[in-house]
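Just so it is clear, the values below take in all heavy atoms, side chains as well, and ignore hydrogens, waters and symmetry mates. Quantities reported herein were computed from a predicted structural model and do not represent experimental measurements.
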Amino acid sequence: MNLFTETLAAYLKTEWDSVMSSLDGDKEARFIVESLDPYSAFDLFSSLEQHRLQALQHSRLECHFRVAKNLWQEWCHREGEDDLRKAMAKQGAVAENGELLWIDKEDKLTWYRNRTLPENKDGLVVVVLGFNHATDQGGLADFHIVDEERLWKHELDQSFILWIKRVDECLALDASVQEIE
């Protein structure tokens, strides 16, 4: 997973956990994320699926991770649907009946916005990818919008030092503080 996608996943998980652990509130977390390339998106959703599985050990969640219809269509035009299906299948995101589990082919942004916490669930998490491809821009106001600027300000503190440290750690470079700066 690339550093941007890794940071995005960490941000979404932190915000998700914050909503679910809040003592007050409705335990509903709705995020709309800027468009990504398909392979970064699949890595992101795979990471979120792992987080969901961990959360299911102690709570009952309803989760929806979806790519906006127009973004999916753009990817298919550029990459080819067969290749994208194969990549999703490797991530376990294609059902036995062939349904693409992470794709909103019906353009149901309004449904995800209006979805409320079911009585038999402890929390609701919705992550829709592709806000710049959403047809209902007015409906985005009810979502927590996550884009490069938000990550730059809130996760990276307007510096690439976090990423440099991550590269240093992954490659075992053992860089000094001065080298990192």
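Around atom CG of D174, no more than 12 heavy atoms belonging to other residues, nucleotides or ligands sit under 6.0 Å away. The neighbour count for K105 NZ, taken as heavy atoms of other residues, nucleotides or ligands under 6.0 Å away, is above 12.
L53 and M1 fall into different hydrophobic clusters, where Ile, Leu, Val, Met, Phe, Trp and Tyr are joined by side-chain heavy atoms under 4.5 Å apart, directly or via other members.
Nearest heavy-atom pair across L71 and G130 is CD2-CA, 3.9 Å.
Side-chain contact check for V33 versus V127: some heavy-atom pair is nearer than 4.5 Å. Counting heavy atoms from C-beta on, the side chains of E28 and V126 never come closer than 4.5 Å. A heavy-atom distance below 4.5 Å is found between the side chains of L3 and V167.
For the atom pair OG1 (T7) and CD (E148), the distance works out to 11.5 Å, reported to the nearest 0.5 Å. Of the inter-residue distances, the one linking S59 atom OG with K27 atom NZ reads 10.0 Å to the nearest 0.5 angstrom. Between the OH atom in Y39 and the OG1 atom in T5 there is a gap of 14.0 Å [rounded to 0.5 Å]. To the nearest 0.5 Å, atom CZ of residue R78 and atom CG of residue D83 are 12.5 Å apart. Taking CD of Q91 as the start and CG of L44 as the end, the distance is 10.5 Å to the nearest 0.5 Å. To the nearest 0.5 Å, atom CD of residue E155 and atom CZ of residue R150 are 10.5 Å apart.
Not counting sequence neighbours, the partners of F160 by the ring pair (Phe, Tyr, Trp, His ring centres under 6.0 Å) test are W152, W163. Partners of E79 under the salt bridge (Lys or Arg N to Asp or Glu O under 4.0 Å) rule, at least two apart in sequence or in another chain, do not exist in this structure. Take E96 and apply the side chain to side chain donor-acceptor pair (under 3.5 Å) test, not counting sequence neighbours, and it matches no residue. Evaluation of the side chain to side chain donor-acceptor pair (under 3.5 Å) rule for K13 yields S47 as partners, not counting sequence neighbours. Residues satisfying the side chain to side chain donor-acceptor pair (under 3.5 Å) test with D122, not counting sequence neighbours, are R60. Residues meeting the side chain to side chain donor-acceptor pair (under 3.5 Å) test with E6, sequence neighbours left out: R166. The salt bridge (Lys or Arg N to Asp or Glu O under 4.0 Å) search around R85 returns E81, not counting sequence neighbours.
In this structure, the side chain of R113 does not engage the main chain of F143 through any donor-acceptor pair within 3.5 Å. The backbone N or O of S35 sits less than 3.5 Å from a side-chain atom of N132, completing a donor-acceptor pair.
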Inset, instruction - Any chance you could lay out the side-chain contact (heavy atoms from CB on, under 4.5 Å) test for L36 and F4, step after step, and finish with the verdict? - result: CA-CA 10 Å; L36 299 173; F4 179 80; 3.6 Å; yes
Inset, instruction - Check step by step if side-chain contact (heavy atoms from CB on, under 4.5 Å) holds for V128 and D104. - result: CA-CA 9 Å; V128 178; D104 177 17; 5.7 Å; no
Inset, instruction - Step by step, work out the side-chain contact (heavy atoms from CB on, under 4.5 Å) result for W102 and L129. - result: CA-CA 10 Å; W102 292 337; L129 185 75; over 6 Å; no
Inset, instruction - Check the pair V146, I32 against side-chain contact (heavy atoms from CB on, under 4.5 Å), reporting the backbone distance first and the verdict last. - result: CA-CA 6 Å; V146 184; I32 188 147; over 6 Å; no
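Among pairs with a residue in residues 67-95, those fulfilling ring-ring contact (aromatic ring centres under 6.0 Å, His included) read F42-W75, at least two apart in sequence or across chains. Among residues at least two apart or in separate chains, there is no salt bridge (Lys or Arg N to Asp or Glu O under 4.0 Å) pair with a member in residues 31-48. Identified under the salt bridge (Lys or Arg N to Asp or Glu O under 4.0 Å) test for residues 47-56, with sequence neighbours left out: E49-R52.
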Donor-acceptor list for residues 61-68 side chains, cut-off 3.5 Å, not counting sequence neighbours:
{"residue": "E62", "atom": "OE1", "partner": "R115", "partner atom": "NH2", "Å": "2.9"}
{"residue": "E62", "atom": "OE2", "partner": "H64", "partner atom": "NE2", "Å": "2.8"}
{"residue": "E62", "atom": "OE2", "partner": "R115", "partner atom": "NE", "Å": "2.7"}
{"residue": "E62", "atom": "OE2", "partner": "R115", "partner atom": "NH2", "Å": "3.1"}
{"residue": "R66", "atom": "NE", "partner": "Y112", "partner atom": "OH", "Å": "3.0"}
{"residue": "R66", "atom": "NH1", "partner": "L101", "partner atom": "O", "Å": "3.0"}

If you look only at distance, which donor and acceptor atoms sit under 3.5 Å apart when one is on a side chain in residues 18-25 and the other is two or more places apart or in another chain?
{"residue": "S21", "atom": "OG", "partner": "D17", "partner atom": "O", "Å": "2.9"}
{"residue": "S21", "atom": "OG", "partner": "S18", "partner atom": "O", "Å": "3.4"}
{"residue": "S22", "atom": "OG", "partner": "D24", "partner atom": "N", "Å": "3.4"}
{"residue": "S22", "atom": "OG", "partner": "D24", "partner atom": "O", "Å": "2.4"}
{"residue": "S22", "atom": "OG", "partner": "D24", "partner atom": "OD1", "Å": "3.1"}

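Note on ring orientation: taking the six-membered ring where Trp is involved, the planes of H144 and Y11 are tilted (angle from 30° to 60°).
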